[in-house]
2 protein chains.
Amino acid sequence: MREKKKSAQGTRPVSIRGIAGITGFSTTTVSLVLNGRAGNFNISDETRDLILAKAKELNYQPNLHARNLRSGRSDVLGLTVPTLRNPFFGELAETFEAQARAERKLALIHVTQYERAEEISAIRYFLSQQADCIFVANPMALDEIAALCEGSSARQIFLDAQAAGRNTVSTDHFSAALELTRAIVASMARDGQRGRIYFFGGMADHQVTRIRLDGFKAALTEAGLGFSDAQVIWSPFDAERSCEVIRDHFATKDDTAGMFVNSIVPMEGLIRYFPENFDVCRSVHYGVFDSSPYLRLLTSLKIISVKQDSQGIMEAAFDLFRLGTSHSEKASIVVPHRLIGANACDPPPSPADAQEGRYTS
Amino acid sequence: MREKKKSAQGTRPVSIRGIAGITGFSTTTVSLVLNGRAGNFNISDETRDLILAKAKELNYQPNLHARNLRSGRSDVLGLTVPTLRNPFFGELAETFEAQARAERKLALIHVTQYERAEEISAIRYFLSQQADCIFVANPMALDEIAALCEGSSARQIFLDAQAAGRNTVSTDHFSAALELTRAIVASMARDGQRGRIYFFGGMADHQVTRIRLDGFKAALTEAGLGFSDAQVIWSPFDAERSCEVIRDHFATKDDTAGMFVNSIVPMEGLIRYFPENFDVCRSVHYGVFDSSPYLRLLTSLKIISVKQDSQGIMEAAFDLFRLGTSHSEKASIVVPHRLIGANACDPPPSPADAQEGRYTS
DNA sequence: CTGAAAGCGCTTACAG
DNA sequence: CTGAAAGCGCTTACAG
């Protein structure tokens, strides 16, 4: 057995060849052993243990670049999220990470700040990494992404998005928005409240915002309330900006009786605004499309919220991924949401809920 | 110019060799052009444009595994965070991502759930990826990590941690805890309140918890209040568990006048508990080591909180990283925190604050 | 101005 | 039971 000098600080870490040199075996044998495939090749236990011991001693870490280059696979899964400062996406990212780890895959997470350009460049990154599968949460540039992935072997799964002919896993945004708006209307009716219901937050080119807006309109129409474009208060997903936008709104309109708040971000804008105009704000009936534990602390306000099951969505996406390679038709998975009444403790889901009918295809 | 068949769906994506074959140039020329180094090598504009056009047409993406294998570098930066369901770490991760992108590096984020084993395996991953630098936020296994990185060229920067002889970027946990405790004491004094101050949340083997506990003790001693171990209510960082722990606490102790809440997570446990015992809970003076916008909504409670500057911490860490390769002595950067009084709007930092004296070394 | 060739660390038929 | 060798896609001296 030839002994090589131990690599000094800053040198390249020990490789399979290095271990082969030190132990006197071939790189083949070392590779087989290190991949736990010694048994399949009748390599003696003695050889195996010797190699394993040396690898451990030298703190061997396989070079994934080499491995992936050789194998053409990468074990990389990519996720884009618009932001991480938000419980929905935070949970989504955490679940992604946990699921990827369970699959022994490497999780890459990119934050896009709701920017199309960032989203595209994240996808390019993932493709460069030969990602097995790309998960896109709340996509801005859905069709462009699909086009980019053409010709590569990377699969795509869109989360929190609905689009025909694509793999999607999502809350049913239309139904949820419909139910939420109905609940606002009902809440106003109980109070005998009259006035307009506004839709607050989001951009016109934001995929799910459009769907939610459709649900909103449908509920208004159903209730005989009518709808005009003036009821939509656009605002980028940024608490600061949302606060300014809503300040403008209340400065110029005095007919606000209900408000469909399109995500927790504009809600945070509202929360910043509340102290400036509390009496008016507290008279409004809110429906928030998104939820957060702290909403229940707002005991002086009438709030209904939609709780999307971010964990369920990501888990369903991984089911789709695992199923994946075999059949190629596209699936649209809908994950149930929950409506949470303000100031009420939201009941924990029953075990039955969690087991059966978690989602439908 | 020989024409090759276009690769069919599912084939490996086009490579430099592919483009070389199609255009008739050598792989050298193609590589040089694609890396924007054509100018340095007097490659004709005509050649360059032709290659560029073809690459674009074929949607060429460089295979990063091959590039990194060859160059021995990886342009990968790794970050471990204990969780992402928390504004502090969410912001930290977002800033990490943005900074990494600005450096044209690939950001890898691993969530460790406050588990030592997860932390270690994340570090191994990063080493396998030949990461340029490993950022560890709120480390559990600080020394083990340092040992693992021995002999590799990966640098390490610990965030939200304090340890001699290591690169650290952190709030001054001792001082912040001291100030927070003083503020609790002062708040109690203003109310003429008597009784014990408890320290709630965290595990004994959690690095910064120990430091904060030292600050807590120092403030109590300074105020002549004394300290015993019975004043520490340990609890893992989990809202559910924290809620149970605090329920136990209030069931057995009736001398709680103040409470040092060690992170927003136990605070969430408390929030869940409040409705069960509101009268007692509202009499307590809280100091939360961590902050969240919604704390100001708890208008019926006395809360002071410490706002750590997660963005500033990450930016300082990147300053350290950029400085990095040249000099090898370790730096301990302290990033200022702010104390936020409950129910008061925290003032936006003045532009001056943001410019000068952002952190000290 | 451009090309032939070596080699990064790994895996995997293939050959004994 | 084990080894020699090819090749993944890229970059980079080196040679014209």
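Per chain, numbering begins at 1; letters A, B, ... match sequence-line order.
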Where DNA chain D forms runs of at least three Watson-Crick or G-U pairs (i with j, i+1 with j-1, under 3.5 Å), the stems are C:1-3 with D:14-16, C:5-12 with D:5-12, C:14-16 with D:1-3

Let's go through B/F158 and B/F135 carefully: what are the C-alpha distance in whole Å and the side-chain angles of both, what is the deciding distance for ring pair (Phe, Tyr, Trp, His ring centres under 6.0 Å) to 0.1 Å, and is it a yes or a no?
CA-CA 6 Å; B/F158 296 96; B/F135 297 73; over 10 Å; no

Would you say [X]'s side chain and [Y]'s backbone share a donor-acceptor pair under 3.5 angstrom?
X: B/N68; Y: A/H65; result: no
X: A/Q129; Y: B/L64; result: no
X: A/R166; Y: A/I157; result: no
X: B/T29; Y: B/F25; result: no

Reading DNA chain D 5' to 3', which nucleotide is the first, and which the last, to come under 4.0 Å of any heavy atom in chain A?
D/dC1 to D/dG9

Sorted by position of nearest nucleotide on DNA chain D, 5' first, the leading residue of A/T47 and B/P62 is A/T47

Looking for any heavy atom pair under 4.0 Å, which part of the strands does [X] touch: base, sugar-phosphate only, or nothing?
X: B/S44; value: sugar-phosphate
X: A/N35; value: sugar-phosphate
X: A/S15; value: sugar-phosphate

For B/I43 and A/S71, take the nucleotide of DNA chain C holding the closest heavy atom to each; which residue's nucleotide lies nearer the 5' end?
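Here B/I43 is the residue nearer the 5' end.
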
So, do B/Q130 and A/N63 sit near enough that their side-chain heavy atoms are less than 4.5 Å apart?
yes

Is there a side-chain contact between A/L79 and A/M314, using heavy atoms and a 4.5 Å cut-off?
yes

Non-hydrogen atoms of A/C149 and A/I123 that approach each other most closely
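Smallest heavy-atom distance, with atoms named: SG-CG2, 4.1 Å.
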
Using atom C1' of each nucleotide, how far apart are D/dC10 and C/dG3 to the nearest Å?
16 Å

